[in-house]
Protein chains: 4
Amino acid sequence: MVKAHAPTSDKYDRILSAAVKIFAQKGFFHARISEIAKEAKVADGTIYLYFENKDDILISLFEDQMDQVLANMKLAVAREDDALDKIRCFALTHLRMVESHPDLAEVIQVELRQSSKFMKEYKNVKFLDYLDLVGQIIREGQAAGQIRFDLSPTVAKRAFFGALDEMSRYYVLSPSPKVSIDEAAHQISEVFIRGIAA
Amino acid sequence: MVKAHAPTSDKYDRILSAAVKIFAQKGFFHARISEIAKEAKVADGTIYLYFENKDDILISLFEDQMDQVLANMKLAVAREDDALDKIRCFALTHLRMVESHPDLAEVIQVELRQSSKFMKEYKNVKFLDYLDLVGQIIREGQAAGQIRFDLSPTVAKRAFFGALDEMSRYYVLSPSPKVSIDEAAHQISEVFIRGIAA
Amino acid sequence: MVKAHAPTSDKYDRILSAAVKIFAQKGFFHARISEIAKEAKVADGTIYLYFENKDDILISLFEDQMDQVLANMKLAVAREDDALDKIRCFALTHLRMVESHPDLAEVIQVELRQSSKFMKEYKNVKFLDYLDLVGQIIREGQAAGQIRFDLSPTVAKRAFFGALDEMSRYYVLSPSPKVSIDEAAHQISEVFIRGIAA
Amino acid sequence: MVKAHAPTSDKYDRILSAAVKIFAQKGFFHARISEIAKEAKVADGTIYLYFENKDDILISLFEDQMDQVLANMKLAVAREDDALDKIRCFALTHLRMVESHPDLAEVIQVELRQSSKFMKEYKNVKFLDYLDLVGQIIREGQAAGQIRFDLSPTVAKRAFFGALDEMSRYYVLSPSPKVSIDEAAHQISEVFIRGIAA
DNA sequence: GATGAATGAGGGTTCATTCAT
DNA sequence: AATGAATGAACCCTCATTCAT
């Protein structure tokens with residue numbers, strides 16, 4: 001069922017913003033629809049005019065935000081010509097997004113990789129697109145002779161993303177991180193680049 | 001509260017094993033106590049003789065299994081003398097454990113990093129110990145002059161673990177992986193070693 | 001926590017009435033929320049829109065009804081000028097209320113004096129107010145020289161109330177009482193009045 | 001089912017004593033069998049060798065204790081020749097028993113008049129016997145011309161017992177009573193005697 | 001569209017009772 | 001007789017979802 005809603009209303013966005021906040025605070029399962037409604041200043045029932053059910057809020061949130069994250073990252077990476085610079089750029093942009101949107105980062109980090117509901121049944125296309133940005137850069141670098149040919153892009157893109165992601169978890173969950181975002185991005189991209197260089 | 005139970009009974013282990021299976025299948029929140037009880041072939045109430053509540057099952061499971069994982073990894077790594085070989089060993093051992101205990105790996109992967117309950121309120125000491133095994137190896141390699149001194153062990157250990165962990169997620173959730181466990185372990189450890197080498 | 005509910009709805013009263021009936025029938029502990037809900041023709045969950053929990057139903061019931069009982073008794077007693085007539089009036093009014101509201105009388109008789117929950121932790125102010133109506137009458141009669149001065153109002157008010165209360169228990173629990181309400185009220189008040197007269 | 005138990009064992013009494021204590025503390029419904037067992041220093045299951053079920057503990061307790069109370073009261077009252085002195089003696093003995101066995105008094109006061117289980121289904125013969133001791137005294141006094149003939153023993157015995165009982169509740173539940181037991185007994189019996197005197 | 005009172009299915013947990021030892 | 005681990009029926013309460021207004 002496609003939910004109709006007037007584009008003039010900002011309720012859809014208000015609900016999603018509220019959901020990000022509450023999900024980050026309590027976790028998806030402990031978050032209450034009534035709490036999201038209260039935070040969004042709408043009635044409980046109103047949420048069901050914009051979303052099918054509770055799951056749909058999380059998925060919509062993810063899809064919506066991943067569109068922006070993806071667009072943002074593509075734009076940032078496109079500014080660099082060199083594959084290795086693109087990798088540096090990816091790391092920095094990724095961690096800076098985490099820093100500037102901690103609630104969203106936490107929800108994506110923590111809630112979205114949880115439970116069969118969202119990682120098995122729900123085909124996480126947006127996430128795979130995001131992951132493949134790294135894969136493209138690697139293949140580009142291989143084509144340019146900068147990156148070893150015996151490196152599997154499938155493995156390498158996950159290794160790189162995983163490194164950044166684990167670092168994100170550190171920032172999301174750690175009250176007082178000891179290393180700056182920029183320094184972490186620098187260290188991770190340098191290790192990776194040396195590791196994959198031809 | 002320490003729950004009394006005869007050491008001769010295997011119910012504690014039966015319940016934990018059942019829980020691993022059901023949690024992996026349905027996710028923690030969708031898992032039903034009655035289902036775990038049925039799988040463990042005990043009455044619902046019996047579970048509460050061994051565990052405080054549902055949360056306690058997950059935490060006990062984690063603590064119990066992490067003890068074994070930790071011991072296993074320490075043993076494996078101790079067989080190598082060279083820091084770089086230890087890193088190779090860690091990667092291979094980690095991914096092989098994931099391969100041989102897919103249910104457990106999935107639960108740890110997916111459930112335990114979820115929700116404030118388990119990553120914020122619950123001090124995940126065992127996980128930090130595990131993570132620090134990598135940190136120790138790195139400091140050892142730095143002392144031996146094999147690893148760059150300008151590398152932050154804090155960042156590097158997370159980068160390495162994150163790479164392995166993201167690869168684990170791939171194996172846990174992917175129905176038909178395209179790269180072998182051993183090959184993935186090899187690629188990840190080689191990229192990392194080149195990346196951090198002095 | 002004050003439970004919100006539209007004043008136009010009669011659900012609050014319907015639930016209380018149902019509760020009186022079920023509590024009288026089964027006793028508080030054997031009464032089931034679902035049974036009260038069914039009797040009140042509301043859903044189980046609806047009860048929790050009007051009451052915090054099962055205990056709260058009993059306490060609300062008591063507070064609500066005692067307000068009415070208290071008001072009713074004050075009104076009745078105020079019609080008499082003479083202290084001794086007030087005592088006669090109190091006895092008659094009390095037992096007639098018991099007769100006309102047997103379910104409520106039984107609940108108050110039996111449930112409310114039960115268990116630390118309601119007689120120790122719960123400060124039963126309304127009941128003490130009711131009891132003190134008798135105390136006031138006695139002090140009034142002492143001031144008028146009709147009642148002995150060496151009589152302790154503290155003891156006397158309890159003696160009088162206890163006499164009526166035990167008689168109430170008889171009516172509440174006895175299937176076929178042998179003495180009429182009015183005759184019992186008469187006998188009790190006359191014994192008491194002679195007993196306390198100057 | 002009649003429960004057999006060796007008269008050499010004191011477990012039966014230990015369980016009843018424990019039950020009195022726990023029932024007084026928590027109330028019948030909040031009392032846990034396991035708690036009574038612990039207090040009596042027997043295993044949970046042992047209780048079921050001596051009692052049919054939880055209800056049976058309370059009833060046995062009541063029957064057992066009422067036998068003693070009844071015997072005690074009969075003995076005390078038999079020492080007096082005069083009906084009016086017997087009334088004085090009854091009041092004093094009753095309140096002194098309450099004072100010296102507060103736990104038991106509380107259980108009888110509070111638990112035993114609760115719930116249909118014990119006041120409707122369970123024919124409370126012992127209590128009626130106790131109540132009728134007063135009835136007998138009154139009839140005796142009427143025969144001796146000391147007590148009015150137009151007084152209904154049915155009403156009068158309840159009035160007198162109710163007065164004492166309400167006073168007991170005061171002592172049982174009040175942390176610091178303002179009137180002494182002996183004074184209360186004196187006042188109540190004097191009021192009653194004057195009230196019923198020919 | 002918007003509301004929020006009402007719904008009622010569902011499940012974690014308790015605890016009286018049983019029974020193998 | 002005594003034990004206490006095990007049982008499983010029973011129930012209060014929560015909360016996602018609905019629908020009359």
Side-chain angles (χ1 to χ4, degrees), chain A residues 3-6 8-9 11 29-38 41-57, chain B residues 3-6 8-9 11-12 29-38 40-57, chain C residues 3-6 8-9 11-12 29-38 41-57, chain D residues 3-6 8-9 11-12 29-38 41-57:
Chain A
K3 294 283 171 169
H5 63 275
T8 52
S9 167
K11 288 197 173 63
F29 279 98
H30 289 125
R32 301 295 156 230
I33 289 288
S34 59
E35 220 172 346
I36 295 174
K38 196 178 174 188
K41 294 190 201 304
V42 298
D44 291 21
T46 304
I47 289 184
Y48 290 86
L49 298 174
Y50 294 89
F51 301 92
E52 296 211 32
N53 51 38
K54 198 183 171 189
D55 287 2
D56 188 37
I57 301 177
Chain B
K3 296 284 174 164
H5 61 272
T8 53
S9 167
K11 288 195 174 61
Y12 181 86
F29 280 98
H30 289 123
R32 301 294 152 228
I33 289 289
S34 59
E35 222 171 346
I36 295 174
K38 198 177 172 188
K41 294 191 201 303
V42 298
D44 291 20
T46 305
I47 288 184
Y48 292 86
L49 298 175
Y50 294 90
F51 302 91
E52 299 228 20
N53 50 39
K54 199 182 170 189
D55 285 3
D56 188 37
I57 302 176
Chain C
K3 296 285 175 165
H5 62 275
T8 53
S9 168
K11 290 196 173 64
Y12 181 87
F29 280 100
H30 289 124
R32 301 295 152 226
I33 290 290
S34 59
E35 223 171 345
I36 295 173
K38 197 176 172 187
K41 294 193 201 304
V42 298
D44 291 22
T46 304
I47 289 184
Y48 292 87
L49 296 175
Y50 294 89
F51 302 92
E52 298 227 20
N53 50 38
K54 200 182 169 189
D55 286 3
D56 188 37
I57 301 177
Chain D
K3 295 285 171 166
H5 63 272
T8 53
S9 167
K11 288 197 172 62
Y12 180 86
F29 279 99
H30 289 125
R32 302 292 155 230
I33 289 288
S34 60
E35 220 172 347
I36 295 173
K38 197 178 172 187
K41 294 191 201 302
V42 298
D44 291 20
T46 304
I47 288 183
Y48 290 85
L49 298 174
Y50 294 89
F51 302 91
E52 296 212 32
N53 50 39
K54 198 182 170 189
D55 287 2
D56 188 37
I57 301 177

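If you're wondering where the values come from, they're calculated on a predicted model, not measured in any experiment. Naming: A, B, ... by sequence-line order, numbering from 1 per chain.
- The distance between atom CZ of R32(D) and atom P of dC15(E), rounded to the nearest whole Å, is 4 Å.
- Atom CD1 of I36(D) is separated from atom P of dT17(E) by 11 Å (rounded to the nearest Å).
- A distance of 11.0 Å separates CG in D44(B) from NZ in K38(B), rounded to the nearest 0.5 Å.
- Note: CD (E35(C)) to C1' (dC11(F)) measures 12 Å, nearest angstrom.
- Taking the six-membered ring for Trp and thresholds of 30 and 60 degrees, F51(D) and Y12(D) have nearly parallel ring planes, at less than 30 degrees apart.
- Comparing I47(C) and A31(B) by the nucleotide of DNA chain E whose heavy atom lies nearest to each, the residue mapping closer to the 5' end is I47(C).
- Nearest-nucleotide mapping onto DNA chain F: of A43(B) and S34(C), the residue sitting toward the 5' end is A43(B).
- One distance of note links CG of D56(D) with CD1 of I47(D); it measures 11.5 Å at 0.5 Å rounding.
- In this structure, CD of E52(D) is placed 10 Å from P of dT18(E), rounded to the nearest angstrom.
- K54(D) NZ to F29(D) CZ: the interatomic distance, rounded to the nearest 0.5 Å, is 7.0 Å.
- Each of K41(D) and K11(B) was assigned the nucleotide of DNA chain F with the nearest heavy atom; the assignment lying further toward the 5' end belongs to K41(D).
- Remark: P of dT21(F) and CG of D44(A) are 19 Å apart, rounded to the nearest angstrom.
- To the nearest angstrom, P of dA16(E) lies 15 Å from CG of D56(D).
- Out of dA6(F), dC15(F), dT3(F), the shortest distance to the side chain of V42(D) is found at dT3(F).
- Comparing dT14(F), dG11(E), dG8(F) against the side chain of Y48(C) picks out dT14(F) as the nearest.
- For K54(A), taking side-chain heavy atoms from C-beta onward, the closest of the listed nucleotides dG8(E), dT3(F), dT17(F) is dT17(F).
- Searching all strands for a Watson-Crick or G-U wobble partner of dC15(E) with both distances below 3.5 Å returns dG8(F).
- Pairing for dA20(E) goes to dT3(F), judged as Watson-Crick or G-U wobble with the two contacts each under 3.5 Å.
- One finds no side-chain N or O of Y50(B) lying less than 4.0 angstrom from the OP1 or OP2 phosphate oxygen of dA5(F).
- Atom CZ of F29(A) and atom C1' of dG11(E) are 14 Å apart (whole Å).
- In this structure, I33(A) atom CD1 and dT18(F) atom P are separated by 11 Å, rounded to whole Å.
- Once rounded to the nearest 0.5 Å, the distance linking OG1 of T46(B) with CD1 of I36(B) reads 13.0 Å.
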